[in-house]
Number of protein chains: 2
Amino acid sequence: MATGRTHRPATRSRGIPEATVARLPLYLRALTALSERSVPTVSSEELAAAAGVNSAKLRKDFSYLGSYGTRGVGYDVEYLVYQISRELGLTQDWPVVIVGIGNLGAALANYGGFSARGFRVAALIDADPAMAGKPVAGMPVQHTDDLEKIIEENGVSIGVIATPAGAAQQVSERLIAAGVTSILNFAPTVLSVPDGVDVRKVDLSIELQILAFHEQRKAGEEAAAGASVPGGEGVAEVPGAGSGAAPAAAVEPPAGRAAAVARKNGPEGDVPAVMPA
Amino acid sequence: MATGRTHRPATRSRGIPEATVARLPLYLRALTALSERSVPTVSSEELAAAAGVNSAKLRKDFSYLGSYGTRGVGYDVEYLVYQISRELGLTQDWPVVIVGIGNLGAALANYGGFSARGFRVAALIDADPAMAGKPVAGMPVQHTDDLEKIIEENGVSIGVIATPAGAAQQVSERLIAAGVTSILNFAPTVLSVPDGVDVRKVDLSIELQILAFHEQRKAGEEAAAGASVPGGEGVAEVPGAGSGAAPAAAVEPPAGRAAAVARKNGPEGDVPAVMPA
DNA sequence: TACTGTGAAATCGTTCACAGCA
DNA sequence: TGCTGTGAACGATTTCACAGTA
């Protein structure tokens, strides 16, 4: 999960738990799809399935917003779409700036979902003078020199950082000084910001590493006490069957095993060969 | 946080809590930076600061891996880098494929951090015949028809989906059928996958919506009980003090503007005007 | 009857605070 | 003396299970 410091910790603002807030956009998306198909009502069961959560959780989440359902019937789709939108602050328009128009920044600028609901790209900013004026996603890139002016004139409170890691902290400081209070950070660095500023991060390599952890575990489980040397060329044994799809499939909730293999770190082991930079 | 269904829920494999796993990459990054500066040891306090967490949490996290520190001294940087890398499965090479070479897919392909540590882009795949053969990030794009063959020949177990939402579910099914057991999904859809397959998602608009929620809240707080009529142009009366972070400074954390306007959800309100699609 | 709303229990995650060791 | 490792307290989140109601 890409998450950063989240507002004032401990003081859960008006009551809606953070975990619930993080799921509201998911519900909203599912509801919007239903709305487009003109479905008038949904049960917690159906909506939960569409959003990929379980129904008890969904009902509990909604209970924090109020009692918007009808027992025996379900939820009114349009009404819920509105209530959730309002709760998320999407009934108003949020101008955002994207700083760092490289491959990623440009991709973000072109991403439709951006402007889709409640957000509007107010400006694209880059430090490279050569980029200035160039159109990206139908909008001229502006130079970092004008960052403060842009933020202020457009009343921007949300900034997206897509610069190289080295520039991110400084960019965040300028954004914040100019009035931004929420940052979405795509640069692989930890930003340190003052209280009251929210940062969320999206980090490709962290996500991959988490997946790798689970992959390794799966492989270990399958091979049970099998192969002990991961050394060589990647190679994924574990072809077909794997733990994959298969319903019943033997080796079900093992877990235990996994341990064994990778585990046993007991012996201090030998000092490493250091990772490649 | 971008998070998806995570392996077999409830059966926390061998003991390392999911929340800890999600932080290991963060520690690893901080440690790598120290390693590059030839720093031999760090205390939990220092490392925690670099990773943006608090030291108690860091020590607890490390305690799940074993006792790798030295009381009174700290942790040996190189040694920890190795242990964490091993735990995350980064001592081996993971070939990955990226499916959907649009703006985002191309950006991902070009992203350095990808190949950097433990991962290798084995292939770029796109459904557009016109893309086939075109080089992106120094690698020819291949057509979706060959997806299964590519997965199998390269022993790929991790797939990245950067297609439009509409294609994502089907792509995931083909990837899984071909042997992939971990997916990083950038498409704004909920993927439904069989047990044993891990999915993590990265979703720009969800992150923005979460930020918007907090922005709205901040703005509302500033206006305190003040304005009963949200109408007018923002402006944060009740300056200073607010709950905000900030040093005194006059109208500091502005944000106000947007704010107030939408607030005031108290009364069940009237039925909505329906959101724009 | 079918489904929501919600206390209460179970689980998971964080923080505290201090014993123990180099 | 300084810092790790960890039991225990605490807090947040999820799940259960069922009472309540349209």
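Just so it is clear, the values below take in all heavy atoms, side chains as well, and ignore hydrogens, waters and symmetry mates. Chain naming here is simple, since letters A, B, ... match the order of the sequence lines and numbering starts at 1 in each.
B:Tyr64 has its OH atom 15 Å from the C1' atom of D:dT4, to the nearest Å. If you measure from atom CG of A:Leu80 to atom P of C:dG5, you get 9 Å, rounded to the nearest angstrom. Rounded to an integer number of Å, the gap from B:Leu47 CG to D:dG5 C1' is 16 Å. The interatomic distance linking A:Glu45 (CD) with D:dC16 (P) rounds to 12 Å, in whole Å. Between the C1' atom of D:dG5 and the CD atom of B:Gln83 lies a distance of 16 Å, rounded to the nearest Å. Put simply, CG on B:Leu65 is 15 Å from P on D:dT4, counting in whole angstrom units. Spacing between atom CG of B:Leu58 and atom P of D:dT4 amounts to 9 Å, rounded to whole angstrom units. Atom CD in A:Glu46 sits about 14 Å away from atom P in C:dA2, given to the nearest Å.
Nearest approach of A:Tyr79 to A:Asp76, heavy atoms of both residues: N-OD1, 2.9 Å. Nearest heavy-atom pair across B:Val21 and B:Leu88 is O-CD2, 4.4 Å.
When each of A:Ser63 and A:Val73 is assigned the nucleotide of DNA chain C with its nearest heavy atom, A:Val73 is the one assigned upstream, toward the 5' end.
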**OP:** Going 5' to 3' through nucleotides 15-20 of chain C, assign each nucleotide B (protein heavy atom under 4.0 Å from a base atom), S (under 4.0 Å only from sugar-phosphate atoms) or - (no protein heavy atom that close).
**Re:** B-B-BB
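Taking the six-membered ring where the residue is Trp, the centroids of A:Tyr68 and A:Phe62 are separated by 6.0 Å or more.
Annotation: side chain of B:Arg200 is not in contact with side chain of B:Ile183 (no heavy-atom distance under 4.5 Å).
The side chain of B:Thr70 places no N or O atom within less than 4.0 Å of a non-bridging phosphate oxygen (OP1 or OP2) of D:dT4. For the pair A:Tyr75 and C:dG5, the criterion of a side-chain N or O lying under 4.0 Å from OP1 or OP2 is met.
Contact check on A:Asp203 versus B:Arg29 returns a salt bridge, with a Lys/Arg side-chain nitrogen under 4.0 Å from an Asp/Glu carboxylate oxygen.
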Original post:
Which is it for B:Gln216 and A:Trp94 under the side-chain contact (heavy atoms from CB on, under 4.5 Å) test, yes or no, and what are the steps along the way?
Top reply: CA-CA 10 Å; B:Gln216 173 172 248; A:Trp94 297 99; 4.3 Å; yes
